[in-house]
Each structure stands twice: as C-alpha cells, then as structure tokens.
Amino acid sequence: MNALERLAATVESRRGADPESSWTAKLLSKGPEKCAEKFGEEAVEAIIEAVRGDRARLASEAADVLYHLIVMLAARDVRLADVLAELERREGVSGIAEKAARG
C-alpha cells in the first residue's frame, strides 16, 4: 500500500467520526460542496507556488491538494481505487486519442 492509498484509508476511517476530534471528519460533515470548495482553494495555492517557482512550497501545497482531492472524492463516495483504475485504463493511450474518444 502506498502513501496515497494509506491516506485514502485514513480519510475513509474518519467518515462519521466526531468532527471535534478530526479535521477530516469536520470537512466531511460540512458536505461535498464544502469539500470541493476546499479542494479548489488548495489547488489555487499550488498554482501560485508553481508560478513563483518555489519547489519546496509547491511540494507542500501539492500534498495539500492530494489530501483535499481524496476528501472531496470520499464526500461523493468515489474511492481512490476507482480513480487509479481509470488511470490504468488510460495508460498507454495517447492523450490526443483519449480526448477524441470522449467526444
């Protein structure tokens, strides 16, 4: 199990936990829309660091983005395994071909 899979398992284990005892539980208790909003905020912060060129800050913000992506997915009952399966399905397919297939 890699770090993202462990993180996804931890996020899932916080579902239904006391929001006062867990930041993840607090986010999930606020609903999918709030989780999506938080993901968007973190993505913007990562973009800012990418533009600034601070590699360490970008790595830190990217970690926040991944965490909030997993929380957002969990809020809509989408498992990380589903996302990984989709990536595997696309593996070896040209990005141009894949976009054309979406129609």
Side-chain angles (χ1 to χ4, degrees):
M1 185 179 286
N2 67 37
L4 283 178
E5 292 166 326
R6 288 190 303 274
L7 177 59
T10 299
V11 166
E12 190 57 37
S13 76
R14 299 299 194 270
R15 184 188 300 280
D18 178 4
E20 296 304 314
S21 69
S22 163
W23 173 248
T24 300
K26 184 176 281 193
L27 285 172
L28 289 170
S29 74
K30 292 181 178 182
E33 296 81 7
K34 184 63 176 178
C35 294
E37 178 185 324
K38 195 67 179 138
F39 170 74
E41 290 171 9
E42 296 299 336
V44 169
E45 290 175 15
I47 291 165
I48 290 168
E49 295 306 332
V51 170
R52 288 182 179 158
D54 184 330
R55 293 172 52 119
R57 290 291 311 144
L58 176 55
S60 178
E61 293 299 340
D64 290 346
V65 168
L66 291 173
Y67 164 76
H68 285 283
L69 173 61
I70 289 171
V71 171
M72 181 179 66
L73 292 170
R76 285 293 186 198
D77 296 319
V78 176
R79 298 174 315 132
L80 177 62
D82 299 330
V83 176
L84 296 175
E86 178 62 15
L87 286 172
E88 287 178 7
R89 185 190 69 76
R90 294 180 186 187
E91 195 170 0
V93 176
S94 158
I96 293 170
E98 196 278 328
K99 283 192 175 281
R102 291 187 203 173

Among the clusters formed by ILVMFWY side chains lying less than 4.5 Å apart, do [X] and [Y] turn up in the same one?
X   : Y   : value
V11 : W23 : yes
L7  : L84 : yes
L4  : L27 : yes
I47 : L58 : no

With rounding to the nearest 0.5 angstrom, report the [atom1] to [atom2] distance, [X] to [Y].
X   : Y   : atom1 : atom2 : result
E45 : E61 : CD    : CD    : 4.5 Å
L87 : D82 : CG    : CG    : 11.5 Å
E20 : K26 : CD    : NZ    : 4.5 Å
E12 : L73 : CD    : CG    : 11.0 Å
D77 : R15 : CG    : CZ    : 5.0 Å

Short side-chain to backbone donor-acceptor contact, [X] and [Y], under 3.5 Å:
X   : Y   : result
T10 : R6  : yes
E42 : F39 : no
R52 : R57 : no

[X] and [Y]: which non-hydrogen atoms are nearest, and at how many Å?
X   : Y   : result
A75 : C35 : CB-SG, 3.9 Å
R89 : V93 : O-CG2, 4.1 Å
S22 : R14 : OG-CD, 3.4 Å

> In terms of side-chain geometry, is the basic nitrogen of R76 or E33 positioned less than 4.0 Å from the acidic oxygen of its partner?
Replying inline: yes
